[in-house]
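Quick note on labels: first sequence line is chain A, next is B, and so on, each numbered from 1.
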Amino acid sequence: MSSLQPVRGTHDLLPEAMRRHRKVVDSSREVAALYGFHEMATPIFEFTEVFKRTLGDTSDIVTKEMYTFAMGSGKGSAKDEENATITLRPENTAGVARAFISGGLAQQVPLKVFYAGPMFRHERPQKGRQRQFHQIGVELIGVPQPLADVEVIACGAQILEVLGLKDAVTLELNTLGDPDSRAAYREALVAYFSAHVDALSEDSRERLTRNPLRILDSKDAGDRELVAGAPLFADYLNSESRDFFAEVLQGLDNLGIAYTLNPRLVRGLDYYCHTAFEFTTDRLGAQSAVMAGGRYDGLIKTMGGPQTPGVGWASGVERLAMLLEADIAAPRPIAVVPVGEAAQATALKVAQGLRHAGFVVELGYSGNLKKRLQRANKMNARAALLFGDEELAADSTTLRDLDSGEQELVPLNSLAERLSRLS
RNA sequence: GUGGCUGUAGCUCAGUUGGUUAGAGCGCCUGGUUGUGGUCCAGGAGGUCGUGGGUUCAAAUCCCAUCAGCCACCCCA
């Protein structure tokens, strides 16, 4: 291994990739703001307990994907804190919930937040799956009504639409019911699959004890045959759960948001209930989910806070960025080009003045006129401003339109106005 | 974590049954213009053949290990 390679599963965001990344994040932030979500940030690491308690001890994330470190300085401090372990956040809902409790935000419900930032999971990398990746997400905390689910989903749908991905994704929906319904269904499933345990795949036998709902989502052919005859969740939903889901669907219908019901859509994380949804795509191989979330009414109480309902989603920035059609163009600068020593000072001052006027200006650092124009061309400059003896004497600059090749002498006092007329 | 495929120049890739100084296109640099970019022409630089071992007179080529990427599973954004 070369120490000059990035750590496995991490990657640099070079300027071109960063522009795509920024487009995803900036567009999402703007749309989320339209729905009244306020951006906040939590630390990228938390006490390990924060994730263990909320994600469930049996989830894959907790059992094998967390980056956990000893927090102590190694100097044998006796303080409890020094003996604790900390974990790089594998997702951000737990962090927001923790902040909600420790920051006394319970006074401010409904709380609507947007976040964006890096997450860390120790998984085997693939395309669209890194060990450090980035998520955007929203959380709407404190609203028990299904209207909250509708707005959260609508916000996500609008973000995807703004990014031009409406046709690339499908909204899949399911309900996990309230805790009573879920428990009853789980019991029925375990009973059913236990009776057919010999026919189950090895993975699914494991799921039977850890997370039986997951069997419904199995890709194993034999499992699928069994699943076809398995009890249906719909038969175990109590009326409250059924009504709740119906209202969510009604809200989406009302907004004209298309969805597909997927009774096999389940959640890996324990804290979800009622609405579960995923925006999926068929363009990213096995990494089909680009935005996923649901309702988590039990999460905050589980963490030790007051009973507070919540609903939200998270979305993978790299996955969305990969789906963007075209490259994002960098802004086209104006190139300021001094010809000869005498023009240096003037060129620098004009460049600075234009920047204060809001123009993107590049000042070549060295080279003759030809060299500098070559560089201006390479950076896709819209125009070049030439400063030589003639121009200095006339208190003007030669404006060269680099698209048309046409030149004109422009007095400095009307330069900004002239440049603003360039297309 | 499991199984499979791949790794040659900055990028995309050739490289014959193991056989001299490992090639192409694009990109990069210089010149064709001491105040004019792109196109064109001429020339040039750039490679520990992922890394480390092994087999052989000889390894980019065969073998082993390792690292990384990709694909599928697991799981997930």
Does either side chain, that of [X] or that of [Y], offer a donor lying less than 3.5 Å from an acceptor on the other one?
X: A:Thr87; Y: A:Thr68; value: yes
X: A:Tyr259; Y: A:Asp253; value: yes
X: A:Thr398; Y: A:Glu391; value: yes

To the nearest angstrom, how far is [X] atom [atom1] from [N] atom [atom2]?
X: A:Arg124; N: B:G1; atom1: CZ; atom2: P; value: 7 Å
X: A:Asp220; N: B:G3; atom1: CG; atom2: P; value: 18 Å
X: A:Glu318; N: B:A77; atom1: CD; atom2: P; value: 14 Å
X: A:Arg131; N: B:G1; atom1: CZ; atom2: C1'; value: 10 Å
X: A:Asp389; N: B:U34; atom1: CG; atom2: C1'; value: 13 Å

At 4.0 Å (heavy atoms only), tell me whether [X] reaches a base, stays on the sugar-phosphate, or touches nothing.
X: A:Ile136; value: nothing
X: A:Met119; value: nothing
X: A:Arg319; value: base
X: A:Gly128; value: base
X: A:Glu123; value: base
X: A:Arg375; value: nothing
X: A:Gln287; value: nothing
X: A:Gln130; value: base
X: A:Gly367; value: nothing
X: A:Arg121; value: base
X: A:Ala376; value: nothing
X: A:Asn368; value: nothing

Worksheet entry | A:Gln5 vs B:C67: side-chain N/O to OP1/OP2 distance below 4.0 Å | no
Worksheet item: For B:C74, does either OP1 or OP2 sit under 4.0 Å from a side-chain N or O belonging to A:Arg207?
Response: yes
Distance check, rounded to the nearest 0.5 Å: [X] atom [atom1] versus [Y] atom [atom2]?
X: A:Phe69; Y: A:Ile86; atom1: CZ; atom2: CD1; result: 7.5 Å
X: A:Asn262; Y: A:Glu172; atom1: CG; atom2: CD; result: 4.5 Å
X: A:His274; Y: A:Ser241; atom1: NE2; atom2: OG; result: 5.0 Å

Worksheet item: Can you tell which of B:G37, B:C70, B:C74 lies closest to the side chain of A:Asp203?
Response: B:C74
Worksheet item: Nearest to the side chain of A:Lys127 - B:C70, B:C74, B:A77?
Response: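 Taking heavy atoms from C-beta onward, the closest nucleotide is B:C70.
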Discussion item. If we check side-chain contact (heavy atoms from CB on, under 4.5 Å) with A:Thr260, which of these qualifies: A:Thr170, A:Thr280, A:Leu265?
Written reply: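 Going through A:Thr170, A:Thr280, A:Leu265 one by one, the side-chain contact (heavy atoms from CB on, under 4.5 Å) with A:Thr260 is satisfied by A:Thr170 alone.
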Worksheet item: Out of A:Arg29, A:His38, A:Glu139, which residue meets the side-chain contact (heavy atoms from CB on, under 4.5 Å) rule with A:Tyr115?
Response: A:Glu139
Worksheet item: Is A:Arg421 salt-bridged to A:Glu417, going by a charged N under 4.0 Å from an acidic O?
Response: yes
Practice prompt. Could you tell me whether A:Glu362 and A:Arg375 have a side-chain N and a carboxylate O separated by less than 4.0 Å?
Written response: no
Any donor-acceptor pair under 3.5 Å joining the side chain of [X] to the base of [N]?
X: A:Arg400; N: B:G37; value: yes
X: A:Asn377; N: B:G38; value: no
X: A:Glu391; N: B:G35; value: yes

Fill in: A:Leu363 versus A:Arg355, closest heavy-atom pair with distance
N-NH2, 4.0 Å
Practice prompt. Work out which heavy atom in A:Ser201 is nearest to a heavy atom in A:Asp223; give both atom names and the distance.
Written response: OG-OD2, 2.6 Å
Worksheet entry | Along RNA chain B (nearest heavy atom to each residue), the more 5'-positioned of A:Leu284 and A:Val339 | A:Val339
Discussion item. By nearest heavy atom, map A:Gly9 and A:Gly285 onto RNA chain B; which one lands nearer the 5' end?
Written reply: A:Gly9
Fill in: A:His134, A:Gln132, A:Arg129, A:Arg20 screened by side-chain hydrogen bond (donor to acceptor under 3.5 Å, both in side chains) with A:Glu318, the one that passes
A:His134
Item to complete: Pull out every residue in residues 403-420 of chain A that has a heavy atom closer than 4.0 Å to any atom of RNA chain B, ordered by number, or say none.
Response: A:Asp403, A:Gly405, A:Gln407
Practice prompt. For RNA chain B, write out the stems as range with range, using runs of 3 or more consecutive Watson-Crick or G-U pairs with both distances under 3.5 Å.
Written response: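 Expected stems, ordered by start: B:1-7 with B:67-73, B:10-13 with B:23-26, B:28-32 with B:40-44, B:50-54 with B:62-66.
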Write out a two-atom table: protein N or O, nucleotide N or O from nucleotides 26-31 of chain B, distance below 3.5 Å.
residue	atom	partner	partner atom	Å
B:C29	OP2	A:Lys378	NZ	3.3
B:U30	OP1	A:Lys371	NZ	3.2
B:U30	OP2	A:Lys371	NZ	2.8

